[in-house]
Number of protein chains: 2
Amino acid sequence: MPKSVDVEEKRAEFVRASWDVIAAEGFEAATMRRVASEAGCTTGSLTHYFADRRSLLIEALRSAHFQAGERMGKVAEEGSPFERLHAVLLESLPLDSVRMREWKVWLAFWGASINDPAIASEDAKRYAEWRALLENLLTPLSQDPEHEADLIIALVDGLGIGLARAGFAGAALKRKQSECEAALNRYLGKFND
Amino acid sequence: MPKSVDVEEKRAEFVRASWDVIAAEGFEAATMRRVASEAGCTTGSLTHYFADRRSLLIEALRSAHFQAGERMGKVAEEGSPFERLHAVLLESLPLDSVRMREWKVWLAFWGASINDPAIASEDAKRYAEWRALLENLLTPLSQDPEHEADLIIALVDGLGIGLARAGFAGAALKRKQSECEAALNRYLGKFND
DNA sequence: CTTGACATATAACAAACGTAATATAACATA
DNA sequence: TATGTTATATTACGTTTGTTATATGTCAAG
């Protein structure tokens with residue numbers, strides 16, 4: 001007899017609203033009221049789906065990790081070993097608005113992870129998965145997949161942050177994105193000879 | 001006739017207190033009260049030296065940049081071209097507690113720069129200086145200093161964040177730091193043959 | 001329809017914030 | 001030592017926050 005809604009979809013809406021607020025206005029701006037209004041309702045509804053702010057934001061981070069992980073898995077399935085590696089690394093950079101939003105969310109959470117073990121732990125989990133995928137992809141390509149993964153992870157993190165950090169927009173952003181892609185390709189050249 | 005204190009030194013004390021709070025407890029924890037108490041006084045004294053929270057935190061960022069820049073300049077002055085590059089890049093990583101604090105502060109500010117143009121601008125300024133120094137150091141070593149600088153900046157950012165992001169401590173931290181140093185040396189090997 | 005459980009909105013609360021105003025303490029000069 | 005400016009502490013104010021409590025709305029089953 002009760003009114004029924006798709007609970008998981010409703011939670012996902014609030015998670016997406018959190019992403020939008022964090023990516024556009026920063027972590028501090030992601031208050032309960034702000035996220036609720038971004039989702040088009042009030043805190044009364046939001047608290048009905050998330051007990052408190054912390055659990056909302058942690059779910060937002062976990063969800064961003066999951067979404068990115070799904071995309072990585074997909075693009076890692078087809079092509080030659082080099083093509084797979086190349087596709088995964090390209091997919092990992094903030095080269096469109098969706099991935100840029102993800103990177104800004106991650107950047108915000110990295111800063112916030114300083115004193116929140118739950119956030120740091122969620123980050124560590126994702127990092128381990130990401131690293132395992134990379135090592136697999138590098139096994140047929142490198143004599144030292146572990147060390148090569150260290151370098152590539154750092155490179156991708158650095159390139160991504162270089163794009164997400166400052167407030168690039170429009171043509172300047174497009175140029176920066178092309179430079180990043182070129183830098184990645186230049187480094188990967190050593191696997192493609 | 002007035003009581004006189006060293007204004008610049010007093011401001012520096014508050015800046016250092018900001019660093020400690022941000023690095024240990026995150027950006028959000030750096031409230032006026034918290035920073036003042038970390039410095040051993042109350043907000044009354046803090047507001048006497050910094051008009052508001054924003055100017056305090058921006059000065060904290062600027063000061064961290066300046067301090068790191070001074071160190072970079074020093075270690076870039078002696079040795080062969082390769083030795084200079086190597087020394088500067090080693091100095092840029094969070095391999096001791098002072099530099100770790102700096103990196104955590106930067107990480108926190110990167111997240112906060114999303115919606116604060118002044119922070120983003122201060123970051124961009126520092127980035128330009130850092131890039132110029134690197135290009136100079138690379139000129140005698142690389143046929144393509146600009147592109148090489150792109151890669152190295154990304155690599156160092158990624159390595160530094162890998163150390164500063166998660167909550168490593170004790171032996172695990174030391175091991176991670178050694179791995180980072182090794183990864184850097186492995187990449188720089190191509191300049192040292 | 002009526003009903004009753006769930007969804008959502010509204011309202012209220014204490015706590016913490018940035019900031020400003022005010023009061024006290026300290027000290028260099030006269 | 002007396003004085004007056006500066007440094008610091010204390011207090012207070014208006015906002016905003018997370019959270020909780022209460023009221024209103026909504027819809028599927030009987």
Side-chain angles (χ1 to χ4, degrees), chain A residues 1-22 24-61 108-109 111-119, chain B residues 1-18 20-22 24-61 108-109 111-112 114-119:
Chain A
M1 23 217 180
K3 173 179 178 181
S4 78
V5 304
D6 186 332
V7 174
E8 284 313 309
E9 172 53 27
K10 195 75 187 174
R11 284 172 61 96
E13 278 179 30
F14 285 122
V15 161
R16 278 192 293 269
S18 302
W19 291 347
D20 287 334
V21 172
I22 292 172
E25 304 163 35
F27 198 84
E28 291 181 289
T31 66
M32 296 291 273
R33 286 167 178 79
R34 183 72 191 84
V35 170
S37 99
E38 183 75 20
C41 49
T42 66
T43 63
S45 180
L46 178 49
T47 57
H48 191 270
Y49 293 93
F50 290 94
D52 50 26
R53 180 177 185 249
R54 228 176 85 95
S55 59
L56 165 66
L57 294 180
I58 288 180
E59 177 63 22
L61 175 60
F109 271 99
S113 77
I114 288 178
N115 66 339
D116 193 323
I119 294 179
Chain B
M1 25 210 171
K3 172 179 179 181
S4 79
V5 305
D6 185 333
V7 174
E8 284 312 310
E9 171 54 28
K10 196 74 188 173
R11 284 173 60 96
E13 278 178 29
F14 285 122
V15 161
R16 277 192 294 271
S18 303
D20 287 335
V21 173
I22 293 172
E25 302 163 35
F27 199 83
E28 292 181 290
T31 67
M32 296 292 273
R33 287 167 176 81
R34 183 73 192 82
V35 170
S37 100
E38 183 75 21
C41 50
T42 66
T43 63
S45 180
L46 179 48
T47 57
H48 189 24
Y49 293 93
F50 291 94
D52 51 27
R53 179 176 185 249
R54 228 176 85 94
S55 59
L56 165 66
L57 294 180
I58 287 178
E59 177 64 22
L61 176 59
F109 271 99
I114 288 179
N115 67 337
D116 193 323
I119 294 179

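Reckoned from all heavy atoms, side chains included, excluding hydrogens, waters and symmetry mates. Residue numbering restarts at 1 for every chain, and letters A, B, ... go by the order of the sequence lines.
- Regarding B/Arg34, its CZ atom lies at a distance of 17 Å from the C1' atom of C/dG18, rounded to whole Å.
- The shortest distance between side-chain heavy atoms of A/Lys10 and A/Ser45 falls below 4.5 Å.
- Atom pair A/Arg33:CZ and C/dT10:P shows a separation of 13 Å (rounding to whole Å applied).
- Phosphate proximity of D/dT8 to B/His48: absent, as no side-chain N or O sits under 4.0 Å from OP1 or OP2.
- The CZ-C1' distance, from A/Phe50 to D/dT20, rounds to 19 Å in whole Å.
- Ranking C/dA20, D/dG18, D/dT8 by closeness to the B/Lys10 side chain, first place goes to D/dT8.
- Aromatic ring pairs are classed by plane angle as parallel below 30°, tilted from 30° to 60° and perpendicular above 60°; the pair B/Phe14 and B/Tyr49 is tilted.
- Counting non-hydrogen atoms under 4.0 angstrom, A/Thr42 reaches a base of the nucleic acid.
- Look at CG on A/Leu56: it is 14 Å from C1' on D/dT19, rounded to the nearest Å.
- At whole-Å resolution of the value, CZ in A/Arg53 and P in D/dT19 are 8 Å apart.
- Closest contact between the side chain of A/Met32 and the listed nucleotides D/dA9, D/dT19, C/dT19 involves D/dT19.
- Here the straight-line distance linking atom CZ of B/Arg53 with atom OG1 of B/Thr43 works out to 13.5 Å at 0.5 Å rounding.
- In this structure, the nucleotide among D/dT19, D/dT8, C/dT19 sitting nearest to the side chain of A/Asp52 is D/dT19.
- When the nearest nucleotides of DNA chain C are assigned to B/Thr31 and A/Val7 by heavy-atom distance, the more 5′-ward of the two goes with A/Val7.
- At a threshold of 4.0 Å, the pair B/Glu9-B/Arg16 counts as salt-bridged, since one of the basic side-chain nitrogens sits closer than that to a carboxylate oxygen.
- Ranking C/dT8, C/dC17, C/dA11 by closeness to the A/Ser45 side chain, first place goes to C/dT8.
- Rounded to whole Å, the distance from CD on A/Glu28 to P on C/dA16 is 17 Å.
- The residue A/Tyr49 sits close only to the backbone: its heavy atoms come under 4.0 Å of sugar-phosphate atoms, none of a base.
- A/Asp6 places its CG atom 16 Å from the P atom of D/dC27, with the value rounded to the nearest Å.
- Test A/Ile119, A/Asp52, A/Ile22 against A/Leu57 for side chain to side chain contact (heavy atoms under 4.5 Å, CB included) and you get one pass: A/Ile22.
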